[in-house]
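Hydrogens, waters and symmetry mates play no part in the numbers below; they use all other heavy atoms, side chains included.
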Amino acid sequence: MMEKSDLANVKSSSSHVHIHRADTSLLDLSISNSRVVVEDGGRILTPRHSNPDSFETFQSNQLERGLKARHVSLLSLGGAIGTGLFVGSGSALSTCGPASLVLSYAIMSSVVYFVMQMLAEMTTFLPLPGSGAQSFVNDYLSESFGFAIGWNYWYAFSILVAAEVTAAAIVVQYWITSVNIAVWITIFLVLIILLNIISVRFFGEAEFWFASIKLITLTGLIILGVVLFFGGGPSHDRLGFRYWKHSPFKEHIVGGSTGRFLGIWTAIVKSGFAFICSPELVAAAGGECRKPRRNIPKAARRFIYRLVFFYILGTLVISVIVSSKNPRLLSGSSDASASPFVIGIQNAGIPVLNHIINAAILTSAASAGNSFLYSASRSLYSISCRGLAPKIFSKVNRFGVPVYAVALSSALGFLAYLNVSSSSANAFNWFSNLTTISGFISWILVAFAYLRWRRAIAYHGLSDRVTYKSPFQPFGAYYVIFFISLLSITNGYAVFFNFNGPDFVAAYITLPIVVFLYVGHRAWSYFTKGQQNWLRPIKQIDVITGLDLIEEEDANEPEPVPKNLLEKIWFWVA
């Protein structure tokens, strides 16, 4: 980030400083097509990554900008919906019971809501190029925390590729069980890798339609659940809350009230997988749009409605149409051949629809794997540009794709082949645990960064220039830190009742990895740069540079005016 003196020097040399926001955007946690640029004597310059004292020639085509506004809008709408809800929810229902399932998603929705609000508040105040979860941790805590969280995000996204490929293979087994699962894994991995090494325009178009299918499918399933609840199915059997009458809170591991509490806690841990990285993606998409100080708060305020409609109502529908004792649920006594939605449709006697929905869920799994590989490679590209990863990962091919970053990110996706030697359910649970804890750690650091940001705002006397103030803060940040820290420490508690090596590693390996990354960078900073402070001092947190530019841009950017009724509806939705 530029120091104020550097910006002043540039301005005094008859240069023009402004924000370049691309017409099209890249959806990522910390990469931006936008830049603070300086037009000086015919040259267009931009501050170097992680170097406030020098400038480099602004090159707007390092990465291909092929995502259109409609792509970003649909990705932000559908980014919080994945196979964690479509497939992973079956495991929580089977193990913990219907009431535990719905309650767990409601509790986790409250946590994710506050994470979204914190990110939105920081991004809205200073929506500079590259703003995002990683940059906030880096700028408001320390470079060492930024280094650790950058690699943690890359690791989480890369593991999520394996998780989604595993989920896709599980869904295919609904139709075909005679073919070795390695065949389906290979097909999905090849497809995902190909989509990520060709032009991003094809990626954006594919994800636009995949996200559309995902949203339409889940909306239709919620409506169908309401119909079945009131007996509108072919058999006119009114389901009501039939499956809630017996063991709504299942006992888990031990009996009695303790067992029921452990069932709820296990459901909360499992539900975390469905939410991982969703607020970061929504915030990143909003930050790359025009008029960010208008659009980011709008997206943040409406995020709660998405959580209630898609997650809480979605799990309520699952609990109504499927019994937790159904043997076909994930982690049940049989194989993991279908999602709870498909099982419920089949049980209702509705012909053909179960195959259509299963195909839509398969599309969702492949789509999510595709998106996560894209995000993983761009995260690696970003930390490479910041000098926090080998420079080779910032190189792009003639299509504007960081191929070396894609290659390394793809490598972790091959962990999906663990399915060949273990059951699909076990492998899916391993990947869920790995990625869930990575996301939890990121949320904790985002909350700490938010608290430091608030202190910096107060220190510099800028409270009256904060345009979006989210409700219930800073108590929401304390809630996220306390609850997610407790969840991270206890997420693998079950292995201590009946110790299992692989499950223990999956539950806790992420914690020492992040600690190792932080300590390694901290030691390097101390011995090579002589950095004494563990945290960036409040007075050194820069929340001023670029603020005048942001306010000027916001004042000069006209409000979008819908031309017809369709545009008016679209502007309200997105």
Side-chain angles (χ1 to χ4, degrees), residues 20 22 24-35 46-51 56-68 71-72 75 79 129-135 138 146-147 149-162 164-165 189-207 277 280-281 284-285 287-288 367-415 438 517:
H20 169 85
T24 53
S25 306
L26 287 165
L27 180 62
D28 186 47
L29 297 179
S30 55
I31 297 180
S32 173
N33 290 318
S34 310
R35 293 287 187 273
T46 184
R48 290 184 184 275
H49 291 282
S50 304
N51 188 347
E56 62 186 0
T57 302
F58 175 61
Q59 299 176 0
S60 61
N61 291 317
Q62 289 180 338
L63 290 176
E64 182 184 12
R65 297 192 297 273
L67 295 186
K68 300 178 180 178
H71 296 153
V72 176
L75 284 168
S131 294
Q134 179 187 337
S135 63
N138 185 86
F147 173 82
I149 207 66
W151 280 100
N152 180 64
Y153 269 124
W154 170 78
Y155 162 80
F157 280 129
S158 299
I159 292 292
L160 279 167
V161 175
E164 296 299 338
V165 168
L189 281 174
V190 169
L191 175 64
I192 288 170
I193 293 171
L194 284 177
L195 282 173
N196 273 271
I197 61 176
I198 60 177
S199 171
V200 74
R201 287 191 296 268
F202 296 104
F203 165 85
E205 199 63 36
E207 285 305 301
C277 295
E280 293 94 329
L281 290 175
E288 283 301 296
S367 164
N370 189 33
S371 296
F372 286 132
L373 180 55
Y374 173 84
S375 296
S377 62
R378 269 50 176 193
S379 294
L380 184 56
Y381 172 90
S382 178
I383 58 178
S384 176
C385 288
R386 290 172 179 263
L388 302 177
K391 210 65 181 174
I392 190 173
F393 297 119
S394 62
K395 294 183 178 179
V396 299
N397 63 11
R398 62 190 181 92
F399 299 112
V401 175
V403 287
Y404 297 107
V406 171
L408 184 61
S409 303
S410 301
L412 289 184
F414 285 93
L415 289 173
S438 291
L517 289 170

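- Across all non-hydrogen atoms, the minimal contact from Ala376 to Ser158 is CB-OG, 3.5 Å.
- Minimum heavy-atom separation, Gly150 to Ile383: CA-CG2, 4.0 Å.
- Evaluation of the side chain to side chain contact (heavy atoms under 4.5 Å, CB included) rule for Ser384 yields Ala389, Phe393, Ser394 as partners, not counting sequence neighbours.
- A pairwise comparison of heavy atoms in Val406 and Asn196 identifies CG2-O, 3.8 Å as the closest pair.
- Atom CG of Leu189 is separated from atom CD1 of Ile192 by 6.0 Å, given to the nearest 0.5 angstrom.
- Val161 is not listed as a side-chain neighbour of Ser410, based on a closest heavy-atom distance of 4.5 Å or more.
- Heavy atoms only, all atoms of each residue included: Leu380 and Ser409 are closest at CD2-OG, 4.4 Å.
- Every residue two or more places apart in sequence or in another chain that forms a side chain to side chain contact (heavy atoms under 4.5 Å, CB included) with Leu194 is listed here: Val190, Ile197.
- Nearest heavy atoms, Leu388 versus Phe147: O-CE1, 3.3 Å.
- Within 6.0 Å of OH in Tyr404 there are 12 or fewer heavy atoms belonging to other residues, nucleotides or ligands.
- Note on ring orientation: taking the six-membered ring where Trp is involved, the planes of Trp154 and Trp151 are perpendicular (angle over 60°, cut-offs 30° and 60°).
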